[in-house]
Amino acid sequence: MIAPSKFLLGAMLCSAVLAISHGESKGSKSGSTPSQSGGTGDGSGSSTSDSIYKLTISNKIKAESIFEMDTFIESNINYATDGGIYAELIANRAFQNPAGTMNGFNPSASDEIGHGTTEFWTEVGKADLALVSTNPLSDALPQSATITYNSQKTAAFGSGIVSNRAIYGIANEGFFGIPIKAQKYILNFWMRSDAEGDAVIHTGLYSKDMSVTYVEDKTSRKLTKEWTMYTVKLVSSKSSDKLDNIFAIFLEVGNKNPTVQVNLISLMPPCWKGTVARPDVAQAILDFAPKSIRYPGGNDLQGPTLNARFDWKQTIGPLHKRKGRLGNWHGWNTEGFGLVEAMNFITAAGAKPIVGVWAGLTGDGKVVAQNELGPYVRDAVEMLHFLLDTKGEWADMRVKNGGPREPYPIEKVMIGNEGQLPATKDTYGYRWAAFSQGIQRDFPHLTLIATAPVDTTTDVDSLNDPLYGTPSDFVSKYNLYDRLGEAFGSNKDLKHYNLEFAVINSGQGGPDENIWIGPHRLHHSILQGSLAEAIFILGMEKNGDIIGGSAYAPELANDSNDGAHTQSTPGALEFDVTKVVKSTSYLIQQGISRNPFDQIHEVETSFDVKNANIYYSAGSNKRTKQYVVRLVNYDASEKVVSVEIEGLSVRRVNRYQIHNDDPNISNDLEHPNNILPKEDVLPSDAFSQGSIKITLPKYSFTTLTIST
Ligand SMILES: *[C@@H]1O[C@H](CO)[C@@H](O)[C@H](O)[C@H]1NC(C)=O
Ligand SMILES: *[C@@H]1O[C@H](CO)[C@@H](O)[C@H](O)[C@H]1NC(C)=O
């Protein structure tokens with residue numbers, strides 16, 4: 001029913017394949033004065049005086065943990081997908097970007113297809129660029145562009161001039177510049193003309209004023225009235241240190257000067273490992289080693305309007321059959337990073353997908369009535385058949401659309417997004433019931449995660465609790481999950497998730513009335529905020545028998561030009577077109593994700609966590625048999641702690657540590673390496689006395705991986 005195989009799928013369009021390597025406090029001494037003496041400052045803590053901060057890890061397993069440190073590729077927001085992880089270099093490649101403004105949940109832009117603009121495109125030479133609806137390329141792309149010769153035009157482009165060439169065409173400036181490296185690019189474009197005959201078509205990469213040509217292809221083509229897709233390999237032997245380069249497609253001025261109609265002009269650099277992902281972004285996600293990756297969403301799953309909801313069937317198949325949709329946060333989702341491309345990327349990154357299904361609510365606050373939900377439930381169930389069936393019609397369709405023969409390793413499905421928001425929470429009960437029952441009938445083994453508390457908690461297995469706030473909001477929730485049994489007394493088996501959280505406001509200089517728009521909203525993660533998040537995560541890990549996983553949001557953020565076009569700050573990974581920066585939050589969570597434990601152990605402490613400002617979690621790893629202890633020193637002074645594993649002698653200790661004396665420090669595009677993890681092996685004199693003695697620098701996060 002989809003994708004005649006002669007058409008290239010998005011996943012095959014990249015110009016090359018790049019392989020990249022993977023990579024409760026007992027409080028018995030609460031109130032005692034923290035000691036600052038004894039620390040050597042070198043982190044090995046070879047002090048002789050006894051620390052008053054003592055942690056004793058029981059050698060007995062308290063509970064099995066299901067906790068995972070995950071990530072969340074939130075689509076559309078901050079250009080995470082188009083212009084972000086999706087390697088496509090041409091912005092508005094099919095003239096879909098809508099007119100009108102986008103303001104998150106209140107678009108005045110049209111959500112109808114065929115109402116695009118020429119945003120990001122400019123005329124080059126003696127050309128007129130116009131949008132037309134005649135002779136559409138496909139039902140999905142009803143509007144295309146015409147390039148017409150105009151002898152009256154003085155050939156100008158931007159601030160520069162192409163006066164030395166008699167040409168007419170169009171140029172694209174890329175999402176926020178086109179990076180040019182000495183590498184191969186694959187260009188695909190569709191073209192037709194009413195004037196049949198031969199024409200020489202030029203395509204290439206140039207400096208902004210076209211004074212420098214990095215690579216240019218010049219091919220004589222037979223133009224026909226039928227749309228034809230042309231593929232060009234553009235191999236640049238030069239690279240550019242500038243970002244404001246352009247891509248251009250044009251004809252030479254001659255006798256005939258036919259008008260050409262173009263659409264879906266796509267330029268792909270080398271991608272990561274058979275996916276359509278940008279290699280450096282992919283590598284950064286890989287470095288994290290997430291167990292699961294949540295996709296798509298959050299608000300962009302809902303979509304700004306019903307017409308612009310995430311509709312999985314519109315995200316698969318040949319690119320010229322994908323109509324895309326109005327983005328929730330800006331522009332138009334091309335859906336080039338569609339369901340199959342996303343699932344292929346997530347599994348290639350060694351993670352399991354946590355998929356969201358659209359659940360009857362849109363960003364404009366409209367909700368589908370209970371008696372009209374049927375077709376949407378069917379859509380969600382069919383999406384899961386497409387992703388999970390081992391054989392039959394849906395499995396065949398998955399393979400035909402670029403997916404694998406074997407099903408994707410999906411175990412968890414989220415029903416909607418942020419169903420708890422006030423305007424809609426009253427409807428979540430019936431929406432949850434309809435979707436969860438529909439899905440459970442065909443997929444009884446899936447874990448279904450509710451995105452709002454429902455009235456009858458007894459029929460909900462799992463619940464997502466998003467959290468955004470200030471550092472102190474997060475620190476105060478260290479013990480939140482210790483008490484969950486009481487809060488959800490009627491359903492003791494309820495599992496919790498926190499698949500979107502972030503410290504978004506520094507809380508410094510007094511609390512803002514509104515943390516989202518107040519003056520202390522953070523642009524980048526700061527160390528203090530990231531440590532506060534870590535304290536919250538450690539609290540979840542301690543309760544890993546009932547907390548299934550956690551993910552920072554958003555994962556990706558275009559931060560070019562000082563974040564002027566970022567819709568939600570901070571981001572775990574901030575990028576422009578040339579680099580990806582790992583934030584302090586990312587680096588701390590990486591230390592958790594890479595060193596997981598799946599068995600929780602009880603910890604006895606000689607101190608009260610809140611007084612000492614030292615927070616912890618501890619457990620062991622079934623497979624490696626190692627113990628894992630995490631410590632956050634949230635204090636302005638260093639602390640010498642001792643860690644003992646009851647009855648066991650320590651053989652080797654690996655340390656992963658994030659620390660800086662300045663709690664306000666951030667990594668950003670200008671200063672990507674302000675803070676880097678320290679990874680080392682503790683000298684054996686740090687644990688020669690049976691317990692591990694270690695100095696925790698002020699404002700530090702430490703994971704110790706201990707072999708006994
Ligand atoms: C990223 O930020 C830059 C600068 O603010 C902006 O021009 C651009 O449109 C944004 N998005 C993308 C995908 O480039
Ligand atoms: C962090 O920044 C805030 C706001 O600029 C400032 O008030 C505070 O003193 C800084 N903290 C430290 C320890 O420098």
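Reckoned from all heavy atoms, side chains included, excluding hydrogens, waters and symmetry mates. Start at 1 and go down the list; that is how both ligands and their atoms are numbered.
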Exercise: do Gln508 and Asn664 side chains pair donor with acceptor under 3.5 Å: yes

Amino acids contacting ligand 2, non-hydrogen cut-off under 4.0 Å: Gln508, Pro663, Asn664

Asn498 CG to Glu533 CD distance, which is reported to the nearest 0.5 Å: 10.5 Å

Pairwise distance CG(Leu531) to OG(Ser700) - rounded to 0.5 angstrom: 7.0 Å

Residue list, side-chain hydrogen bond (donor to acceptor under 3.5 Å, both in side chains) with Glu646, at least two apart or on another chain: none

Salt bridge Arg655-Glu679, side-chain N to carboxylate O under 4.0 Å: no

Residues Lys639, Asp635: salt bridge by 4.0 Å N-O rule: yes

